Structure formats: structure tokens, C-alpha cells
Amino acid sequence: MTEPLIAVQHLAIAFPNNPVFKDLNFTINQGDFLTVIGENGVGKTTLIRALLGLVKPTSGSINYYPSKKATKIGYVPQFRNLDQEYPLTIEDFVGLNIRGWLPWLTKAEHRQVNTAMSVTNVKKIKQRPLGMASGGEKQRAYLAQAIVEEPQLLILDESTASLDNEMKYELLDLVQNLNQTSNITVLFITHDLPLAQKYADHFLALRPGQQEYGTMAGMSIEQLKEVSDV
Amino acid sequence: MFSLAFMRHAYLAGTFIAIICGTIGVFVIARNLSFLTHTLSEIGFAGAAFGIFMGWTALSGMLIFTVISSVIVGQMSVKQSRREASISAISALFIGLGILFLSLSNQTSSYATSILFGSVIGIAQADVIRVAVLSGIVLLVMLGLYRPLKFDSFDAIGARVSGLWTTAISVVFLVLVAMSVSVAAQIVGSLLIFILLTLPAAAARYFVHTVSKMIGLSILFALVGVWLGLYLSYVTNLPVSFFIAAIECIFYFAALGYQRLSVGS
């Protein structure tokens, strides 16, 4: 039986003069690959920020099981402001997310970094400065950093939006592999309905004032368009 | 040269200053705080003048002013869009205050010159001990905070979503910068402190690509600048801050040239 990881109940978030959600309800089970789809401005990023604890709900609740503190979350954003002169190597960048108090990484922590780089296919280019990496390599390095602490939940926030088609599928193949082999729960925010349909097993479609949550099995792209207005 | 006590003191104090500026500088550059460092050095001038006015040491006045103002400036500068304007306003106010306190304390213009541009001759053993203790505190806090500070400085987005207490890290870091500014002013003077806090680190990032190596190389650039600057100042009887500034600029422009060559090849 699948165990819940996050339960969102009657969630309402409102900024001054801008109610984003009124009554949002859904559950993410452990091992789910949930896609959140919807037009720009419908509140996808606000929802992620709320799940990360960066925005306080106006009312309702977000419950993590067993607890928020015990749930490690990896996050891959669409964009990081790293220019060509960004100096760190991919290896050093991935290691940033290793928690601890020693100034240096222990052998076990080095192994963690190496594993994350192997899984995301960036080990061969680990000495390359991240600023000099291609768009696809950067996204894989971000993914490696996000999974280096072996999170229970991986959030992809429009992470494929700036990639060409081949790189999108390459990145999501890696994510799907993590989802299936390591049982990492995935929350994938996107506009790209074909990608959502190919990889996700559940969807949450957001429209102003409305939501639809369901299983992806049997959903056509036309049906996804209809429920999400994308 | 080392038979003179003030030169021994200058070299000892200069070594501590180079080590903390080289270390802190790597994070100053990563966090885009060069402009703030410049402002803190002007605030340091006002603080030193205030310390003299109150009958304390210049270092005490500098520490009080820079630490308090770094926290205020840090809070004001949270929004990137208003960072430069708010720093300029604070900067103007503190230069004015520095001139006011100097005038009220009836010190000569040569005293103002030594605060602004630094002085090797004035460093006593007690100053060296103060510099060593403050440098030790800064380095210990840096060691304790190393991983979270590194994460927040080199990947602010990742650090924030991973739940790090980034606001607290920023405040502690600004206090460390303020302490470094006050310590470094003892030799290079308040006007040129930002040179040691920015140029060695800015040059190092073009040659090496891990944080630990950047810190090592940045310390080396700062040490060479301070040691060679002190020597050249001794033999030519010209201001040490000029030589330090010139040497660090050479490192920085050489680094830019190296970067251009390696990108082109």
C-alpha cells in the first residue's frame, strides 16, 4: 500500500489584492511522479514555495509524513543566475549541498558527490567550471546537487523550459530512473504537456479558482489541455 | 629592516590582515558585495575619527561603526534594486561624520591622512596583538560557518530552498566583513581596504575553480601584496598603500589577461 508523503488540505494562499488559491486539495504519495500543469500566473510557483515553507498559507494545511523536518527535499529550478564567469567546478557545485560542520568533505561525503554525478552523467566533466557548461550539462549538475543528499522529494520547477527537445527527454529519463530505482517522489512543474503525459503518473491541473487532480493513465494530450487551459 | 621594531610589527600585522582579507574576500566577491566593502571602509574612517574624538583607540571606533552599520546596510540592501542608492546615501553620511569628528577632536590633517591611507610607522606591539586576536575570531567563525556560508555565497537559490538560515548567515558574514575592514585599516588605511578585500579574491577565481583553492590563492596574492608592499615602502620611503594597491592591480589585470587567453584558446 502506498504511503502519503504530503497531504494538502483546503489550502488557501492570498497576497494583497491577489487570491492565488482558495481551496486546494491533493495528496502526493511516496514514489509518485506528479506533474503540476497550468498557465503562467495560475500559482504553480507559489504552490512550490508553499511546499518548501517559503510562503505561509493563508488558511488550510500542508502536512508532511512523518514530518517536514524529516523530509529531505531536492529542488531543481528553471534558471539560476550563473554567468560564464561562474567559477566553481561541477564537482564543487554539487558538493555545496552536503550538510555538515567540517570545512572539508569526508571520504563518505566525496562518495555521495560521486554517486550523484554518476547518476546524472556529469562525472566525466566534473572538473569543468559550471559557467562553461552547456545548458543541458548545467541542468544535470543542478539535478546532481539536488539529489546528493538523497531526498525523499525532488521538485523540478520548470527545469526543462530552457532546454532543447533532446535534452529535455535526456533529463527526464534520468529523473524517471531515479523515481523508479530509488523511489524518489517527483513533483514536476511544467507547461510541456507531451513531457507531462510521457513521464508523470498523476497530474494536478491548476486553473484560476479551479483544480483537477487525477491519474495520468488514459489521459490524452487534448484532455490535459482541456483541464489545464495550457 | 627587521631590526626595526615597527617593521617587525608591520609584517606580523600585515600577515594576519592578508590572511583574513584573502579568505573573506572570496565570499565578498561571490556575494557581489564589493561596493558594500567600499562603503564600510568609508564608515571605518568615520568610526576611527569618532574613536579619537571619544579618546578611545581608532580601532575601537572603527569596530563599533562598521559592525553596527554593516548590519543596517545589510538590512537596507535586501532588495537588489535599491542596494546601490542606499549604500551611496549611507556612504555620504559617514564621510561627512568622519570629517566632523576629526574637526571636533582637534586632530591635525596628518592624523586624518594616516587614518585614510594607513601608516606602517604607527603600529605598536599592542596593535599587533589586537589584530591577531580579531583575525583569530574572524577565522574561527568562518571555519564554523564554512559549509553554509559557501553554499549561500555560491548558490543562493539552492541554499534558500534547502532550508538554510540564509538571513542569519548574511548578518554574521557582514559582521565578519566589518571586523576585517577595521583590522585591515591598520595598515592599508580605510580608503584602500577594499583593495585587499576584493582584488586578490577576484583575481584568484580566474585561475582556480574550487572554493578552497580560491581561498588559498587569494591569501597568497594578498600576502605577496602586503609583504612586497611593506618592503618597497621601506626602501623607497613612499606610502605602503600605494604599493599594495599597485601589486594587487597587477595580479587582477594579469588574471583578466589569463582568462581572456584561456577562453580564446
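As the structure is a computational prediction, the values presented were derived from the model and not from experiment.
- Within the 4.5 angstrom heavy-atom criterion, no atom of B:M142 approaches chain A.
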Item to check | Criterion side chain to side chain contact (heavy atoms under 4.5 Å, CB included) on B:R160 and A:Y75, from CA distance to verdict | outcome: CA-CA 10 Å; B:R160 200 155 46 104; A:Y75 174 80; over 6 Å; no
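- Of the possible polar contacts, one joining the A:Y86 side chain to the B:F154 backbone as a donor-acceptor pair under 3.5 Å is found.
- In this structure, B:D155 contributes its side chain and A:F93 its backbone to no donor-acceptor pair below 3.5 Å.
- Both the backbone and the side chain of A:L105 come within contact range of chain B, judged by heavy atoms closer than 4.5 Å.
- Of all heavy-atom pairs spanning A:D92 and B:T210, the tightest one is OD2-CA, 3.2 Å.
- For B:F242, the CZ atom is loosely surrounded, since the number of other residues' heavy atoms within 6.0 Å does not exceed 12.
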Checklist entry - Can you check side chain to side chain contact (heavy atoms under 4.5 Å, CB included) on A:L130 and B:H209, steps first, answer last? => result CA-CA 9 Å; A:L130 187 59; B:H209 301 290; over 6 Å; no
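- Atom CD1 of residue A:I98 and atom OG of residue B:S162 lie 12.0 Å apart, to the nearest 0.5 angstrom.
- In this structure, the portions of B:F151 lying under 4.5 Å from any heavy atom of chain A include both its backbone and its side chain.
- Within the 4.5 angstrom heavy-atom criterion, only side-chain atoms of A:Q145, from C-beta onward, approach chain B.
- Across all non-hydrogen atoms, the minimal contact from A:P87 to B:R205 is CD-NH2, 3.6 Å.
- Between chain B and the options A:G95, A:P103, A:P151, heavy-atom pairs under 4.5 Å are most frequent for A:P103.
- Of the two parts of A:R99, the backbone and the side chain both hold a non-hydrogen atom closer than 4.5 Å to a non-hydrogen atom of chain B.
- For a residue to count as touching a neighbouring chain, one of its non-hydrogen atoms must lie under 4.5 Å from one of that chain's; by this rule A:I73 does not touch chain B.
- No more than 12 heavy atoms of other residues, nucleotides or ligands lie within 6.0 Å of NZ in B:K213, so this atom counts as exposed by the packing criterion.
- The backbone N or O of A:W104 lies less than 3.5 Å from a partner atom in the side chain of B:R147, making a donor-acceptor pair.
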